[in-house]
Every structure is written in C-alpha cells, then in structure tokens.
Amino acid sequence: MKTILTLIILTQTLTWQHLAAERTDSSMIKCSLWIDLYHGEVTTYEGLIDDLNQARVVYLGETHRIKRHHQWQVRILESLRERGNDLILGLEQIESKYQNEVEAYNVGELSYEAFAKKINWEKTWKNYEDYEDLVTYAQTQEIPIVALNADAKIIRKIGREGLQNLDPLERDLLPKIINWEKDPIYRQWLNKILMVHMPVTEEKLMPFFQAQVSRDEMMSEQLVKFLKLQAEGTIALVITGSGHVNYGLGMVQRVNRRLGSHKKRILLFSESQELILTDEEKAMSREISMTHDDLDFIKSPIANYLLATEIGK
C-alpha cells in the first residue's frame with residue numbers, strides 16, 4: 001500500500017510540474033493530489049478525466065485570483081477536448097448581457113484584446129487577464145463560450161435594498177423564479193460565510209443572500225438554456241467561484257431543477273494560503289472561524305473532487 005501511494009504522489013507531482021512548466025510559472029511547482037471526496041481516496045488525473053468524461057455538467061469552483069486554479073482550468077478543458085468531447089464553456093466572469101459580443105469572439109470576429117475591451121472586462125472583472133488562456137483555447141477549438149452572470153448593477157442593488165425593491169424593468173432582467181425562501185441549508189451556510197465581509201451585519205444578511213441566489217438563478221438559467229440547444233452528449237464546463245457550487249448548493253441545485261436528471265461533477269482547488277488580499281480588501285474583511293461543528297448540518301461532501309496542494313513556497 002505504501003509503495004502504491006508513493007507512486008501516486010510521484011505521478012501527481014510530475015503531472016503538476018509538467019503543467020507548471022507549460023504555463024512558464026516556476027513558482028507554482030508544488031506537490032498536489034487529486035482526492036475523491038466520496039470515496040476518501042487519492043485518484044490519478046487520468047482517472048479523474050475518465051469520470052468527468054461521463055458527466056453532463058462539470059463545475060470548477062475557483063478562488064478567483066489564484067493563478068494555479070486558472071492553470072488547471074485550462075488543463076482540464078484541454079483534457080476533455082482531447083477525449084473528443086463536444087463542449088461548451090460557461091463563465092461566471094462575463095455578464096449575460098454581453099452574449100452577442102461573446103458570440104462574435106466565438107466565431108473569431110474579435111481578438112481577445114478587442115473582445116475584452118468590447119465588454120469592458122477590465123472594469124467588470126478585475127483579474128480578467130487570468131482567463132485569457134482559457135477563452136483563447138476555447139476559441140481556437142471552436143468551443144462555444146456562454147456568458148452566465150447577471151448584471152452587476154442589479155446584483156449590487158439587491159445586496160443593498162433587497163430583491164423586493166427592484167423596479168419592474170430591473171426585475172425582468174432576472175429569471176422569473178428566484179428560489180430563496182425555501183433554501184434553508186444554503187442560507188445557513190452563506191450566513192456564516194458572508195460574515196467575513198465587514199459591512200455585513202445580521203440585519204443585512206437577507207439582502208446579501210437574495211443577491212447571491214439571484215446570481216445563482218441567472219447563471220443556471222443561462223447555462224441550461226444554452227446546453228439544451230447543443231448536441232446530445234455535450235459536456236458543459238462551468239467556471240465559477242466555489243461559493244456558488246460548494247456542497248452541491250447554489251447554482252448546482254438550480255441547474256438540477258431546470259435540467260432534470262443528469263450526471264454532474266464538482267471540482268474544487270485548495271487555496272493553500274495563496275490568496276493575497278489587497279489593503280482595501282483587508283479593511284473590508286473580518287476574521288471568522290469555521291469549525292467542523294459549524295458545518296455539521298451539511299450532510300454531503302463539499303465536492304466530488306478536491307485538488308489538495310501543499311502550503312508554502
């Protein structure tokens with residue numbers, strides 16, 4: 001058993017070193033292991049791709065500014081393509097109102113630079129440059145990209161004033177069904193997570209929760225609408241913040257409701273202390289503790305697979 005585990009660790013490390021070399025970022029070479037959280041065992045990368053190959057929707061839950069996460073997103077998209085799959089790439093990082101511009105980029109009418117400028121990406125998503133390799137690969141491979149997110153201005157208004165205070169025109173830009181009243185587990189989990197933000201108080205939790213759910217509903221509606229137009233067997237690879245997919249809650253639940261029975265997989269990547277907050281973010285944040293006891297009410301694994309990466313340089 002010890003020999004097998006040693007070989008797996010060596011294989012995973014070499015795979016990561018190869019990936020890091022491809023991305024020309026030597027500082028990212030670390031020992032990483034893919035863990036199957038349902039079986040509680042280490043798995044190989046090839047075994048992971050074998051399993052993803054059977055799914056209809058694959059969620060990659062990221063921490064937005066960790067470059068290692070973005071490197072693995074490209075690698076996974078490449079691997080699924082190399083298996084001959086028809087794919088679509090759904091991105092939280094682009095608001096759905098820009099789908100026409102996305103279509104122009106999909107067919108090569110816009111360069112990456114022109115596309116990013118056209119959708120004002122620098123202002124709507126601060127680390128937009130981290131997605132260049134991903135969207136460029138999708139374009140060259142003719143993998144359709146789908147803009148998933150709701151209008152940020154509307155989401156911010158919900159976070160400040162609540163869903164009920166949208167005017168009719170604003171409300172019409174969101175899905176008709178926004179299921180936030182009957183989602184106690186997601187709400188309980190988010191209530192704990194959202195307290196990391198300094199402006200959040202007990203009184204403000206409800207509009208913040210409504211804003212999160214509105215975003216989940218919009219992303220799931222856009223994804224399912226587009227996926228239903230594709231050939232049978234097409235795999236949707238979804239790139240979104242981990243908070244929208246952890247424990248199969250959030251967006252995942254809402255895709256289930258719209259799409260019906262289907263195979264799905266959720267992949268997460270450890271932060272491994274790599275997230276560096278800006279001074280502004282530090283000023284707007286507070287320390288929170290999250291123990292195992294605090295999460296005991298959630299009766300499912302956080303994901304199907306976790307890429308656990310060593311801490312430190």
Side-chain angles (χ1 to χ4, degrees), residues 30-42 59-70 72-73 92 126-127 155 158-159 179-216 219 238-254 256 264-313:
K30 295 182 178 182
C31 177
S32 296
L33 293 172
W34 282 104
I35 301 172
D36 181 331
L37 296 177
Y38 274 74
H39 290 97
E41 291 290 345
V42 173
Y59 301 92
L60 302 187
E62 65 174 29
T63 299
H64 297 311
R65 295 203 310 272
I66 295 182
K67 291 187 180 297
R68 173 173 51 85
H69 293 194
H70 304 302
W72 274 105
Q73 290 163 359
E92 175 198 2
K126 291 183 179 179
N127 66 312
I155 297 300
I158 297 171
N179 183 14
W180 60 270
E181 295 177 292
K182 298 179 180 179
D183 204 347
I185 294 177
Y186 191 35
R187 182 176 173 184
Q188 187 176 346
W189 177 72
L190 270 181
N191 283 355
K192 295 177 181 294
I193 299 299
L194 288 171
M195 291 305 293
V196 74
H197 301 289
M198 192 66 76
V200 177
T201 62
E202 294 289 341
E203 295 74 26
K204 293 181 179 179
L205 280 172
M206 177 56 75
F208 271 74
F209 176 63
Q210 290 177 336
Q212 175 87 350
V213 170
S214 297
R215 199 188 298 271
D216 292 328
M219 292 197 293
V238 177
I239 309 298
T240 186
S242 59
H244 293 286
V245 298
N246 284 345
Y247 304 103
L249 302 171
M251 181 184 179
V252 181
Q253 288 178 313
R254 288 152 179 82
N256 292 347
K264 58 186 175 297
R265 296 293 184 266
I266 302 168
L267 279 65
L268 299 178
F269 310 89
S270 66
E271 288 189 8
S272 302
Q273 299 181 5
E274 290 175 32
L275 179 63
I276 300 174
L277 299 181
T278 65
D279 291 339
E280 181 182 0
E281 288 169 335
K282 289 176 182 177
M284 296 293 287
S285 302
R286 64 164 66 94
E287 290 285 338
I288 62 170
S289 64
M290 190 73 68
T291 68
H292 287 230
D293 293 332
D294 291 328
L295 297 172
D296 192 52
F297 67 95
I298 305 176
K299 304 301 180 183
S300 61
I302 196 170
N304 295 93
Y305 297 97
L306 171 69
L307 181 66
T309 297
E310 68 173 315
I311 294 173
K313 296 181 180 181

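Proximity of a side-chain donor or acceptor of R187 to a complementary backbone N or O of M206 within less than 3.5 Å is not detected. One N or O on the side chain of T291 and one on the backbone of D293 form a donor-acceptor pair closer than 3.5 Å. Between the side chain of Q273 and the backbone N or O of I311 there is no donor-acceptor pair closer than 3.5 Å.
We find the CG-CD1 distance between N304 and I266 to be 5.5 Å, quoted to the nearest 0.5 Å. The line from CD of E92 to CE of M219 is 4.5 Å long, rounded to the nearest 0.5 Å. To the nearest 0.5 Å, atom OG of residue S32 and atom CG of residue L307 are 4.5 Å apart. Rounded to the nearest 0.5 angstrom, L249 CG and H244 NE2 are separated by 12.5 Å. One distance of note links CH2 of W189 with CG of L295; it measures 9.0 Å at 0.5 Å rounding. Rounding to the nearest 0.5 Å places CD1 of I302 at 8.0 Å from CG of L37.
Scanning for side-chain contact (heavy atoms from CB on, under 4.5 Å) contacts around T63 gives I66, H69, E271, L275, with sequence neighbours left out. Remark: D183 pairs with Y186, F209, Q253, R254 by the side-chain contact (heavy atoms from CB on, under 4.5 Å) rule, at least two apart or across chains. Every side-chain contact (heavy atoms from CB on, under 4.5 Å) that N127 has, sequence neighbours left out, goes to H64, R65, H70, W125, D130, Y131.
The shortest distance between side-chain heavy atoms of R68 and S270 falls below 4.5 Å. In this structure, M290 and I193 have side chains that are in contact, with non-hydrogen atoms separated by less than 4.5 Å. Side chains of F269 and T309 form no contact here, defined as non-hydrogen atoms less than 4.5 Å apart.
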Check against side-chain contact (heavy atoms from CB on, under 4.5 Å), I185 and K299: CA-CA 10 Å; I185 294 177; K299 304 301 180 183; over 6 Å; no
Stepwise side-chain contact (heavy atoms from CB on, under 4.5 Å) test for I35 and Y305: CA-CA 6 Å; I35 301 172; Y305 297 97; over 6 Å; no
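Taking both residues in full, the closest heavy atoms of P207 and G159 are given as CB-O, 3.5 Å, listed atom of the first, atom of the second, then distance. The two atoms that bring I158 and S214 nearest to each other are CD1-OG, 3.5 Å, heavy atoms only. The shortest non-hydrogen separation linking W34 to L268 is CZ3-O, 4.2 Å.
Counting non-hydrogen atoms of other residues, nucleotides and ligands closer than 6.0 Å to NZ of K126 gives a total of 12 or fewer.
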